Amino acid sequence: MARSEGIVRVRFAPSPTGYPHLGNIRTALFNWLFARHHGGTFILRIEDTDVARLVEGATDTILDSLRWLGLDWDEGPYHQSERLEIYRGVADQLLKDELAYLCYCSLRRLESMRQEQTKKKQPPGYDRRCRHLTREQRAELEASGVTPVVRFKSPLEGQTSFCDLIRGEIVFDNSTLDDFVLLKSDGYPTYHLANIVDDHLMEISHVLRADEWLSSTPRHMLLYQALGWQPPNLAHLPMILGPDRAKLSKRHGAAAVDEYRDQGYLPEAMINFLALLGWSLDDKTELLSRQEIVNHFSLDRISKTAAVFNRDKLDWMNGLYLRGLKLEEFGKRASPFLERDLPLEIERPLDAGYIRQIMPLVQERAKTLAEVPQLTEFFFVDKPEYDAGLLTTKLERAEALEALRASVAKLEELQNWDAASLESVLRPLADELNLKTGEFFGLLRVATTGRTAAPPLFQTMEVLGRERCLERLRAALGKL
RNA sequence: GGCGCAUUCGUCUAGGGGUUUAGGACACCUCCCUCUCAAGGAGGAGAUCACCGGUUCGAAUCCGGUAUGCGCUACCA
């Protein structure tokens, strides 16, 4: 069945009509994995044949997303818009062989025909009027100046079947297929034509594409047949759905892949997560490196069922990868997010040495890099802003006042401002004040960070430094 | 409406005739650790394997039907 035994050539063929979402990129990933696993070739082809829906910058975003994830391609990107003569040539050949015909029907007629059919509960489809035009009728239409489209002559009876590598044997009755358009009146090919021509010319061995193409496959088979070409192997991938089980789209929050990058997800986590959406290694392995996935990837472990995208699990996995980073690497990756999201009044560029001190305190607390600025803001601002009420959530005002005063007194005399020394004076002080550590440290936490939840107190205070801590403790006193 | 595909815990999935009282993961709950939040550790709850028939000594696994979901049904891809 394979056209060239053993040689794997696959392609990712997005159309630049929008930004790539998880489903698109998962298709890219599976193609890439398949190529890398077999030592094959991964080709990138931009299917920009829909002039009306073309989105400015979409191609760049697609390329960026692939690069970000490390899905490197070996050939391309080819652009179908630069290959129009090729498709026209093939269409002409089909016309000459009488396997296709010119259709002069107006969009208006097609539209009203469809409405009529729907109203009568008939399957909508082209009624083949132009398939049976006489010579005179054709000449007349030609003279009227209408630009025709080229339609494929679908067989009226019989069946078309093919073997999908994931779903097995699939059969369609030809009677359910209409005479679809190959070449549009603007001179551009439709997906069906361009896709088949390019897959053949580029010697694609396996087509791994989304499930939504399954219904179009018999047309493609018929085209291959008409052209006398051998079709590639086919594998239709299960779709990725939103939480509401509908096709993934903008409505489901960040749908475009570059938004995940901007939200602080790591490409390696993304790869791991996406690989597991529709593919699995076994009954327990969840964490796989890119190389491990490449090594183990195979079509027969791809599921047939559409998968709902589960952001909680992505967050969990991203957190895992974040924690697995070397501290230095974590800081390197978090820095751009700090520069981007910390309040504007904080001086840029940020102090790299200071960041290095802070990072160990947040690495295990962040699920995404974008959370880092929020988690560490109090380290950078002059005075943390908070509601004075937070100081008295666990203590009476008088107790809080006493505790803060005592703390300031003790800390002013402290020689070494490090976590161990801080703990060695503050822990006994809790006893002296007759407070539980939770109450006392909680108070100091609010005073120094402005929050009730933050990294461990003594380490935080060490990083903040003596001056800043004492200043903040006095400020808290003032608030009471 | 027609055609196609799919259907295992809320979600991702394992399992593809007996080893299954259906395994793992996320989320959830409890406990431990603990100065808070995390992280980590230990447990728990959660699936009559969509339904109905059939094949078989035996079915989540095979077959048929039904239902439901999704996709396609464009001079979109």
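A quick note: this is a predicted structure, and the numbers were derived from the prediction, not measured.
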Do the side chain of [X] and the base of [N] come within less than 3.5 angstrom through a donor-acceptor pair of N or O atoms?
{"X": "Q122(A)", "N": "G2(B)", "value": "no"}
{"X": "S185(A)", "N": "C75(B)", "value": "yes"}
{"X": "T176(A)", "N": "G2(B)", "value": "no"}

query: Does the side chain of R323(A) get closer than 4.0 angstrom to OP1 or OP2 of G40(B) through an N or O atom?
result: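 Answer is yes, contact under 4.0 Å.
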query: Below 4.0 angstrom from OP1 or OP2 of G71(B), is there any side-chain N or O of R209(A)?
result: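 Negative; the distance criterion is not met.
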Picking from [options], which would you name as closest to the side chain of [X]?
{"X": "K184(A)", "options": "G2(B), C75(B), U36(B)", "value": "C75(B)"}
{"X": "T49(A)", "options": "A77(B), C12(B), A27(B)", "value": "A77(B)"}
{"X": "L277(A)", "options": "G71(B), C12(B), A14(B)", "value": "C12(B)"}

- prompt: What does A59(B) pair with, Watson-Crick or G-U, if both distances are under 3.5 Å?
  reply: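 The answer is none; no pair meets the criterion.
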message: I'd like to know whether CD of E169(A) has more than 12 heavy-atom contacts from other residues, nucleotides or ligands below 6.0 angstrom.
response: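 More than 12 within 6.0 Å, yes.
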- prompt: Just wondering, more than 12 heavy atoms not from R129(A) lying within 6.0 Å of its CZ?
  reply: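 Open: at most 12 neighbouring heavy atoms sit under 6.0 Å from CZ of R129(A).
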- prompt: Would you say the ring centroid of Y321(A) lies under 6.0 angstrom from that of F273(A)?
  reply: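 They do not qualify: ring centres at least 6.0 Å apart.
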- prompt: Between Y101(A) and F152(A), does the ring centre distance come in under 6.0 Å?
  reply: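 No.
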